[in-house]
Amino acid sequence: MPPLLSLPLKIVYTAGHYRPILSTEQLVLWAVVIFSVFYNAPFWQQALVGYDLLAVQTWLTFANMFLVMTCIHFLVFVSLVIRTLVKPLLTLLFLIAAFVSYFTTYYGTYFDTSMLDNVLQTDTNEARELLTAGLLIHLAIFFGLPTLIIWRVKIAPSTWKKAVLRRSAYYLASTTILLLAIVLSYQEVSSLMRNNKELRYLVTPGNYIVSMAQAVFSQHASANTVRSPVGEDARISSQVGDKPTLLVIVVGETARAVNWGLNGYERQTTPKLAQQPDVINFSDVTACGTSTAASLPCMFSLPGRADYVKFYAQQHESLLDVLAHAGLEVTWLDNQSGCKGVCEGVTTKALSPEDYASLCQDGRCLDEALVQALTMQISSTPTDQVIVLHQLGNHGPSYYQRYPADYERFVPACTTADLAKCSRDAITNSYDNAILYTDTVLNQVIETLKRQDDYAAAMIYLSDHGESLGEKGLYLHGIPYAIAPDEQTHVPMVWWLSSTFSQQQGLDTDCLHQISDKAASHDNLFHSVLGLLGVSSTVYQQEQDISQTCRQPNSS
């Protein structure tokens with residue numbers, strides 16, 4: 001029997017113990033078969049949708065898919081190891097596969113490049129929240145158990161000539177089987193993968209390895225790139241009135257439009273904003289991506305989502321740089337895990353838990369700390385300025401930690417990061433409580449701006465992406481955009497303009513209210529901010545400026 005078609009397992013008795021003995025190739029083959037069977041349940045689940053499970057052709061097709069998956073993994077992994085490295089490599093692969101299979105199985109996570117960017121940029125606080133009891137149990141079974149077995153295996157000794165011949169035989173057999181499996185099922189499998197391209201992000205551990213390589217390469221490339229200037233010709237046009245302009249941009253985190261009270265949600269999760277007479281709520285706004293790593297650079301970059309590529313944002317200045325070129329003082333205040341390169345060219349201040357002791361715990365600060373930081377920043381810079389507040393917002397899965405205890409209005413709330421232990425209702429309750437708290441934070445920002453008599457002040461709130469709360473079996477966010485549900489792509493956006501700001505910029509707020517139900521997106525942020533602040537530049541695109549149709553003809 002050809003060596004690839006058999007999984008011989010010999011047992012030897014050494015040092016008072018029985019141990020299995022395998023060649024390097026056999027150990028790798030056992031490992032990849034286990035990966036295909038036990039670590040790819042989400043892939044098989046998705047791939048089987050629409051197939052008749054009683055039809056023989058279905059099982060023939062998926063047997064071929066199993067062979068393709070197993071042979072590809074085998075050829076890749078066996079090419080990377082020698083006898084002395086096989087156990088460390090497989091240990092690492094099982095660790096990766098255990099983590100990946102947990103999140104793909106329980107949260108519906110797809111490990112594409114964007115998701116790996118998030119992983120690479122996750123701080124210790126975010127990582128700590130994900131270390132739940134459910135994850136640890138999963139790791140014990142899917143990492144601990146196979147790792148113990150791997151290290152019990154005795155690698156069969158061999159001369160280098162026999163090793164070369166054996167490796168060649170395995171290469172030949174696995175390549176032959178791979179080609180036969182592809183030929184026998186090419187039409188069926190190619191159609192499936194062509195119509196469901198996202199399935200490749202569920203093939204474990206290949207999904208993680210390929211995406212990780214792409215993400216690391218991208219980060220390395222950006223680290224050695226000097227950003228090209230954007231909008232160096234930007235200037236502030238003349239305006240009516242002599243008060244300096246103050247714009248606060250609040251970047252929300254993981255707030256989805258469907259749970260936003262101002263959008264008609266069955267629960268009033270935004271009661272304080274609803275009582276603010278000058279608030280303009282935009283009810284149909286689409287995000288640039290489904291994760292912070294994708295959305296944040298995209299929403300502050302010149303190209304729209306259709307033309308956006310990650311390398312562009314890494315290699316070019318952002319909206320904030322254009323504002324700085326125009327002479328505005330720009331500051332980024334961060335209560336998150338960084339600005340993903342957006343704020344690289346401007347003043348950046350990360351909130352320190354030591355400075356806001358009453359609002360911070362375990363290295364995390366409630367978003368009210370941003371309001372305090374905002375007040376201090378305004379008083380320190382009496383000139384035209386833009387201040388960005390990057391919220392912690394509804395960052396999951398620990399929604400219950402995003403608001404003070406007295407905001408737990410919707411009960412019972414899920415009070416653990418292990419969402420598998422909570423009902424969907426409890427998860428939604430804790431999520432809505434966090435939205436309720438964001439409502440308070442935004443109201444405090446508005447009240448702070450109302451007190452700034454020396455400024456023409458305004459606020460824009462816009463969330464980076466949405467969140468799944470169990471719909472279609474999905475949780476959290478980061479689904480590839482092409483198949484992402486509305487819960488992850490539709491986000492809330494709110495503007496508040498003081499009467500002084502509206503007068504100086506020649507804006508008709510009644511007109512803005514009338515157009516607030518029209519479709520908008522992250523693409524509009526760049527040009528709408530330039531328009532609101534009266535910044536002229538060759539990069540400004542009037543058709544992307546939401547406020548343009550509501551500006552007086554003689555206004556800039």
Residue pairs fulfilling side chain to side chain donor-acceptor pair (under 3.5 Å) with at least one residue in residues 426-447, sequence neighbours excluded: Asn259-Asp432, Tyr265-Asp432, Arg267-Asn429, Arg267-Asp432, Lys272-Thr440, Gln276-Asn443, Gln276-Glu447, Glu368-Tyr437, Glu368-Gln444, Tyr403-Asn433, Tyr407-Thr440, Glu447-Lys450
Main-chain N/O of Ser101 paired to Thr104 side chain as donor or acceptor, under 3.5 Å: yes
Arg227 and Asp321 ion-paired at < 4.0 Å: yes
Inter-residue atom distance Leu532.CG - Leu497.CG, 0.5 Å rounding: 6.5 Å
From Leu512 atom CG to Thr549 atom OG1, the distance as rounded to the nearest 0.5 Å: 7.5 Å
Tyr461: partners by ring pair (Phe, Tyr, Trp, His ring centres under 6.0 Å), with sequence neighbours left out: Trp260
Residue pair Val441 / Gln391: nearest heavy atoms and the distance that separates them: CG1-NE2, 3.9 Å
Main-chain N/O of Ala457 paired with Ser498 side-chain donor or acceptor, under 3.5 Å: yes
Tyr106 and Tyr102 aromatic centres sub-6.0 Å: yes
Any side-chain donor near an acceptor of the partner, Glu317 and His325, under 3.5 Å: yes
Asp545 and Arg551 ion-paired at < 4.0 Å: yes
Atom pair OG1 (Thr269) and CD1 (Ile435), whose distance is rounded to the nearest 0.5 Å: 6.0 Å
Reported NE2-to-CG distance for the pair His390 and Leu333, which is rounded to 0.5 angstrom: 12.0 Å
Within residues 485-527 or reaching into it, pairs that qualify as ring-ring contact (aromatic ring centres under 6.0 Å, His included) - sequence neighbours excluded: Phe282-Trp495
Any donor-acceptor N/O pair, Ser528 side chain to Leu525 backbone, under 3.5 Å: no
Under 3.5 Å: donor-acceptor pair, side chain of Asn207, backbone of Phe111: no
Pairwise disulfide (SG to SG under 2.5 Å) hits with a residue in residues 462-505, at least two apart: none
Selection residues 386-421 - residue pairs positive for disulfide (SG to SG under 2.5 Å), sequence neighbours left out: Cys414-Cys422
Heavy-atom pair of closest approach, residues Arg364 and Glu129: NE-OE2, 3.5 Å
Check: Thr254 main-chain N/O paired with Asp464 side-chain donor or acceptor under 3.5 Å: yes
NZ/NE/NH1/NH2 to OD/OE distance under 4.0 Å, Arg256 and Glu471: yes
Residues Arg402 and Glu467 bridged, charged N to O under 4.0 Å: no
Side-chain donor or acceptor of Ser283 paired with backbone N/O of Asn263 under 3.5 Å: no
Main-chain N/O of Ile546 paired to Gln548 side chain as donor or acceptor, under 3.5 Å: no
Asp418 side chain vs Gly134 backbone, donor-acceptor pair below 3.5 Å: yes
Mutual orientation of the aromatic rings belonging to His465 and His477 [parallel < 30°, tilted 30-60°, perpendicular > 60°]: tilted
For Phe142, ring pair (Phe, Tyr, Trp, His ring centres under 6.0 Å) partners two or more places apart: Tyr39, His138
